[in-house]
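Since the structure comes first, as structure tokens, the remarks are kept for the end.
These numbers come from a predicted model, not from an experiment. Numbers restart at 1 for each chain; the letters A, B, ... are given by sequence-line order, proteins then strands.
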Amino acid sequence: MLTMKKFALPNQSGPCRVLSFDDKCVGCNKCVNVCPMDVMIPNPEKGEEPIVVFTEECWFCGGCVQECPVGALTLVAPAKQRISTIWKRKETGEEFRVGMTNPLPPVTTPPSGNRK
Amino acid sequence: MNWHEYVAQTGQVPKWPYELGYDKETVISCDVLVVGGGVAGCRAAIAARQGGASVVVMDRGFSKRSGEGGAGVDHWHGAVTNPCSKVTPRMYSEAAMDTTDGFTNGLARYIIGKEGYDTLLEVEKMGVQIRDEDDEFKGSIFRDDETKLMFAYDIENKHCLRIYGYDIKPCVDREMRRLGAKVLDRTCVTSLLTEGGRQGARVIGATGVNDRTGEFVVVKAKAVVISAGRTNRLWGFAPELTESQSMCNLNQTALGNTIGWRAGAEFIGMEMSGRAVLSGLGYAPYSTGNNNNTYQGAPTVDRNGKDVYYANAYGKLLYDEADIFKASDEGSFIIGHGIGLDNGYKPQYRITTTDPELWKKVMAGEYQQPFYNDMTKLPATSRRMIFGLMLAHEGKCRVPIYKNFTQWGFDPDKDMLQYPVQDYSRFPIDTSWCGPENTPANWRGGGGGYLVDWRLQTSLPGLFAAGCGPIFGHGCHGESHTSGRYSGRQAALYAGQNDAVEPDAEQIRRERERCYAPIRTNGDVGWKELNYAIAKIMQDYCGDYKTEHTLDMGIRRMNDLFETEGQRMYASNPHELVRVIESLSLCELGIAYMEAAKARRGSVKGLGFFRNDYPEYDEAQKKHIPISLKDGKVHTRDLSLYYHLEAPYSSDLEENYQRYSQA
């Protein structure tokens, strides 16, 4: 982002991005309000995605992802966690991880249980 | 977006979005105040409402998902009265006491045994699935076909149940609000109010600060339940490094215990500070190959696909899936894992674990790393039970593990999860993601809690304790529901029998001054800098090595920090202000821990406590040493480990339960 060059910004603290919002976000702030740690604030611009202010206070519970009414939110594990969690396909020996390039398609089996 | 992106895109720093209310004071009155809106607090509030009390709940977060249990649960311990169980409440309490040489909470374990299953049946009514209603696991060795209950750890004794608990917190939260409890979200408790403002007197309310508005709140109550006592941030604090990837979050500063310490309540077991196992320095919870707890029963293979076997407590290798879920001794039962008995676990109560000879076999070239968790080897129902039921419902697993892994293509039918490559210190490898070896030895986890009686009342009249932080030797998620429900019931009874007392205005004024000092002084120390320093003191002076001399030094350092840097704090918004208040409270809590460690002049196995100046394990140390503040001075005494069965109580568990549990 070239615009960043205009500003003197401090280092980001620990993980830079714990949540990513996609275009579906309508700025309803339900995620802001369910977060037990209060890591986000509403965007001053109505309808825009919230701002994660206290990034390193996120404890990765995923409550915000579950709360999002439009499925706009993804919980982003820090790089250290992504790179240390590896699985291997038994048949082929190929290795995979969260955040890899060219992943296999998602597995869509829902969790066990019959509640919503 | 994050803050940096917002600033870079707009050229503006976002204004604090909530109206500031530093000067506002709200005063509320109720019968029962519950401090902490986690699962224990919600259950206390529900029970107190059902008992006819008006209820206020003060929660640091937002009670729909807050607390350690807010992110879900997959198994429920101590459901010993379920129709399939062969364990009785008496067996459960006595085994817990036996396996720890008496260093756990005999009365709390009995109450949990008596009421744990009933407490679970209530959450079923609130909307939580606890049975295999759709017969997905029909025919599984872990299921009872009549009740459709499913069992963890021990399939012969059937006292620990697998449940679908991902949404358990929203369910109990909804019920609590439906019953009319008033919830003060985002409110950090700062102190207890006592009769006449005196230390050691009856508790009659509490104060708090809101982390969005900075508003001060005073709650007057006839009885108070503390359900906020889990300790984090004391020895281990490095959020940038740990990325909060532990099972505790940064809101868990044991403030519920610290305010009780300050108010003069007695605590026990505070000297127990075991090596930290969930600090988050290792891996995201449940994210790496492992075969313990939620993954119990998952097969392990080495790099070449060679099987690694489980072993019983005597090292006998187990080749059959069913044998992994049986006690090592005929006639005994596996108590369960992760319920605060880690310093004990005599062989007859222990879970089965990986082959204890595995490291030797690695060194001899029989096995090669890395190991993999290979669930493809399991029957389809067992595999689904681990990944689809347990992993998908356990705390902090639904989104970070189940959703994210499957979104990136993980398929338990085809894929093997890799264990970290590990050195000797990490063997056996069962708990690879959370093993203590991921953490330096002087990073400890605090134990201990309020000394409670058969009503779960603390030594201060009107103050009750609930949940696994406030109550010493208590248990885990399900047990917190149970003690919360019991404690709330007792608090409502107390409130019905005792009149309200007007709090001391001077006590409130002083507390207000204390809380707002960081926004009035032009300080130069932030909450994180103070917290790092607190953790450093604890690591250095209350870590692995402890003597009278070093503990005294630690207490001096902590007082020095509190009186120097601690008086130069700044807070630029209410969120930071509350973090400062928490951090300052950690100074007091750290001192309490070090005083407790000092008071025990001996080493005790069952407590996991070692003093370098008293290295012998000493029989005479088999006692509690309750510790409290009296007129600002530390006071200790001796108490039998079996105090719950001695005068003024009956020597019989059931008789005590009958006498105190209802009226």
Inset, instruction - Look only at the side chain of B:Gln129 and the backbone of A:Asn114, and say whether a donor-acceptor pair between them is shorter than 3.5 Å. - result: yes
Inset, instruction - Select, from B:Asp415, B:Asp185, B:Asn404, B:Val399, the one with the greatest count of heavy-atom pairs under 4.5 Å involving chain A. - result: B:Asp415
Legend entry - Residue, of B:Gly388, B:Ala392, B:Gly61, that accumulates the most heavy atom pairs under 4.5 Å with chain A: B:Gly388
Inset, instruction - Using non-hydrogen atoms and a 4.5 Å limit, figure out which bit of B:Phe137 sits close to chain A: side chain, backbone, both or neither. - result: side chain
Legend entry - Side-chain donor/acceptor of B:Asn251 to backbone N/O of A:Pro36, under 3.5 Å: yes
Inset, instruction - Please look at A:Asn102 and chain B and tell me whether the side chain, the backbone, both or neither of the residue comes under 4.5 angstrom of a heavy atom of that chain. - result: neither
Inset, instruction - Report the option among B:Tyr419, B:Trp433, B:Tyr166 that has the most heavy-atom pairs separated by less than 4.5 Å from atoms of chain A. - result: B:Tyr166
Legend entry - Salt bridge B:Arg65-A:Glu67, side-chain N to carboxylate O under 4.0 Å: no
Legend entry - Which atom of B:Tyr6 lies closest to which atom of A:Pro44, heavy atoms considered: OH-CG, 3.2 Å
Inset, instruction - Identify which of A:Pro111, A:Gly62, A:Gly113, A:Pro106 forms the greatest number of heavy-atom pairs closer than 4.5 Å to chain B. - result: A:Pro111
Legend entry - B:Ser287 and A:Gln81: side chain donor to acceptor below 3.5 Å: no
Inset, instruction - Write out all pairs satisfying salt bridge (charged side-chain N to carboxylate O under 4.0 Å, His left out) with one or both partners inside residues 9-18 of chain A, taking only residues at least two apart or from two chains. - result: A:Arg17-B:Glu5
Legend entry - Toward chain A, the part of B:Lys403 with a non-hydrogen atom under 4.5 Å: side chain
Legend entry - Side-chain ion pair, B:Lys528 and A:Glu57, N-O less than 4.0 Å: no
Legend entry - Residue among B:Asn373, B:Thr376, B:Thr288 with most heavy-atom pairs under 4.5 Å to chain A: B:Thr376
Legend entry - Summary of salt bridge (charged side-chain N to carboxylate O under 4.0 Å, His left out) pairs that have at least one residue in residues 21-37 of chain A, sequence neighbours excluded: A:Asp22-A:Lys24
Inset, instruction - Check whether any side-chain N or O of B:Asn2 sits under 3.5 Å from a backbone N or O of A:Cys16 as a donor-acceptor pair, and report yes or no. - result: yes
Inset, instruction - Name the region of B:Pro420, side chain, backbone, both or neither, that has any atom closer than 4.5 Å to a heavy atom of chain A. - result: neither
Legend entry - Proximal component of B:Glu136, with respect to chain A [non-hydrogen, under 4.5 Å]: side chain
Legend entry - Residue, of A:Val34, A:Leu19, A:Val53, that accumulates the most heavy atom pairs under 4.5 Å with chain B: A:Val34
Legend entry - With B:Val301 via side chain to side chain contact (heavy atoms under 4.5 Å, CB included) - residues at least two apart: B:Asp307, B:Tyr372, B:Asp374, B:Lys377, B:Met416
Inset, instruction - Under 4.5 Å, heavy atom to heavy atom: which of residues 85-94 of chain A reach chain B? Give them by number, or say none. - result: A:Thr85, A:Ile86, A:Trp87, A:Lys88, A:Arg89, A:Lys90
Inset, instruction - Heavy-atom pairs under 4.5 Å with chain B are the metric here; pick the option from A:Leu104, A:Leu75, A:Val98 that has the most. - result: A:Val98
Legend entry - Separation of B:Ile386 CD1 from A:Ser112 OG (nearest 0.5 Å): 12.5 Å
Legend entry - Proximal component of B:Lys64, with respect to chain A [non-hydrogen, under 4.5 Å]: side chain
